[in-house]
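One structure is given here, and the rest of the page talks about it.
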There are 2 protein chains.
Amino acid sequence: MSKSMNLARLLLDRFRWFDQALLMALNDRMGLKVTSAQSLLFADLPFDGIRQAHLARRLGVSRQAINELVQGLERQGLVEVVPDPDSRRSRLVRPTARGRKSVRLALETFSQVETELRTRIGDRPVDQLRRALASDWGDPPERSSMSPQGRVSGRLPT
Amino acid sequence: MSKSMNLARLLLDRFRWFDQALLMALNDRMGLKVTSAQSLLFADLPFDGIRQAHLARRLGVSRQAINELVQGLERQGLVEVVPDPDSRRSRLVRPTARGRKSVRLALETFSQVETELRTRIGDRPVDQLRRALASDWGDPPERSSMSPQGRVSGRLPT
DNA sequence: GGAATACCGTCAGGTAGCTTGACGTTATTA
DNA sequence: TAATAACGTCAAGCTACCTGACGGTATTCC
């Protein structure tokens, strides 16, 4: 059944496997009601701050989308937006104390979950999985017209 | 840089790599403006029809969500919803002629893209990738309260 | 030095993809 | 036969995106 499944579906399903674990950890252990999109931001949130435009490029979404996510996190007191000392047109998104705790929990969770996965399917497969995923795939084939934007989360949009 | 990236992000990015190729193929070769969510449905669309509730369970979303996607595809003439001969409370979602052509193109594209990937990163890594992804991971750890629903697409929602 | 250009965040308005809740219909189970 | 469960669907609401446009700030270029 899963043997003949296409790689795209498999990749998405496995992403959701991780994502679900993360969301549950953040919810249960810190009472956070972050969304999947917000939680993904955490992975790229250096403690010394980062520009929104930078995050946008990193995640492959528009600056506006990032702006919205950041505002949500700000409302929950997880990040604060401060002036960038290096450039007056930019502002830095930086986790608060509580935010840093969440970021740490998120990273911890990912690593724990990966460890758990190793006990389930073995060290070798996980290493091979990571290696295959992390190697350079280049740009997607079939390149052409079409809009460049993607989705940060895991939904099925445009 | 990508070496230390967490598996979740890697999985999502690679899913998007495939998804983008699919969307472009459907757009360029058939002029279809299907969304990412709709295109994912294709992977699970048997030519002899399937129930919406079945699709919902398969993709891990609500029946209502599927209903919406199906209506979108119906508007574009890609599927038709017909009575289920086996049960009067159910209806079958079945691709039209044009729909079947799209489904075939989608499957073809996935296979071509995978072939292309093999020439880029090698046969072994792709085989290992598929094997690791398709093996039984069991339920996500950290199980607990929280809502069960996930997202079909690739976005970052609740 | 000053003007064009490019980049930063953000407002406004719009869409797709979801959710929960509720309902009528049909099938299954007790 | 009566309760229960499953199917599709309507309604309302939210989140995650998008494009377009704007006013500030840097950078580049004559």
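Chain identifiers are assigned alphabetically (A, B, ...) following the order of the sequence lines, protein sequences preceding nucleic acid strands; residue numbering begins at 1 within each chain. What you see is a predicted model, and the numbers here were worked out from it, not measured in a lab.
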- Item | Atom-pair distance (CG on A:Leu59; C1' on D:dA16), nearest Å | 13 Å

- Check the pair B:Glu116, B:Arg120 against salt bridge (Lys or Arg N to Asp or Glu O under 4.0 Å), reporting the backbone distance first and the verdict last. CA-CA 6 Å; B:Glu116 169 65 21; B:Arg120 295 191 190 182; 2.8 Å; yes

- Message: Measure CZ/A:Arg91 against C1'/D:dA26 and give the value in whole Å, please.
- Response: 18 Å

- Grab the CG-C1' distance between A:Asp84 and D:dA26 for me, whole Å please. 12 Å

- Message: Between C1' on C:dT28 and CZ on B:Arg88, what's the gap in Å once rounded to a whole number?
- Response: 15 Å

- Task: Measure from the side-chain heavy atoms of A:Ser62 and tell me the nearest of C:dT10, D:dC18, D:dG8.
- Result: D:dC18

- The answer to which of A:Leu92 and A:Glu68 contacts DNA chain C further toward the 5' end, by nearest nucleotide, is A:Leu92

- Query: Within a reach of under 6.0 Å around CZ of A:Arg118, are more than 12 heavy atoms found that belong to other residues, nucleotides or ligands?
  - Reply: yes

- Query: Please give, in whole Å, the distance from C:dA27 P to B:Asp86 CG?
  - Reply: 11 Å

- Query: With a 4.5 Å limit on heavy-atom distance, are the side chains of B:Arg58 and B:Ile50 in contact?
  - Reply: yes

- Check whether the side chain of A:Arg63 and the base of C:dG9 form a donor-acceptor pair under 3.5 Å. yes

- Task: Using only side-chain N and O atoms of A:Arg51, determine if any of them is under 4.0 Å from OP1 or OP2 of D:dT25.
- Result: no

- Message: Is the shortest side-chain heavy-atom distance between A:Leu59 and A:Leu41 below 4.5 Å?
- Response: yes

- Query: Which of these nucleotides, C:dA27, C:dG17, C:dG9, is closest to any side-chain atom of B:Thr35?
  - Reply: C:dG17

- Side-chain donor or acceptor of A:Gln52 under 3.5 Å from a matching atom on the base of C:dC8? no

- Roughly, in whole Å, what's the span from CG in B:Leu23 to P in D:dC17? 15 Å

- Look at the side chain of B:Arg57 and decide which nucleotide, out of C:dA27, C:dT10, D:dC7, has an atom nearest to it. D:dC7

- Query: Which of the following nucleotides, C:dA6, D:dA5, D:dA16, is nearest to the side chain of A:Arg89?
  - Reply: C:dA6

- Message: Distance check needed: D:dA16 P versus A:Leu40 CG, whole Å only.
- Response: 11 Å

- Task: Side chain of A:Gln71 only, please: which of C:dC11, D:dG8, D:dA26 is the nearest?
- Result: C:dC11

- Note on the structure: Picking from C:dT26, C:dC18, D:dG8, the nucleotide nearest the side-chain atoms of B:Ala65 would be C:dC18

- Message: Between A:Arg29 and A:Met24, is there a side-chain heavy-atom distance shorter than 4.5 Å?
- Response: no

- Query: How long is the span from the CD atom in B:Glu74 to the CG atom in B:Leu69, to the nearest 0.5 Å?
  - Reply: 12.5 Å

- Note on the structure: Rounded to whole Å, CD of A:Glu74 lies from C1' of C:dT10 at a distance of 13 Å

- Message: Is it the case that C:dT19 (base atoms only) and B:Gln64 (side chain only) share a donor and an acceptor within less than 3.5 Å, ignoring hydrogens and angles?
- Response: no

- Among C:dT10, D:dC18, D:dA16, which nucleotide sits nearest the side chain of A:Leu69? D:dA16

- Message: Please determine whether a side-chain nitrogen or oxygen atom of A:Asn67 lies at a distance below 4.0 Å from atom OP1 or OP2 of C:dT10.
- Response: yes

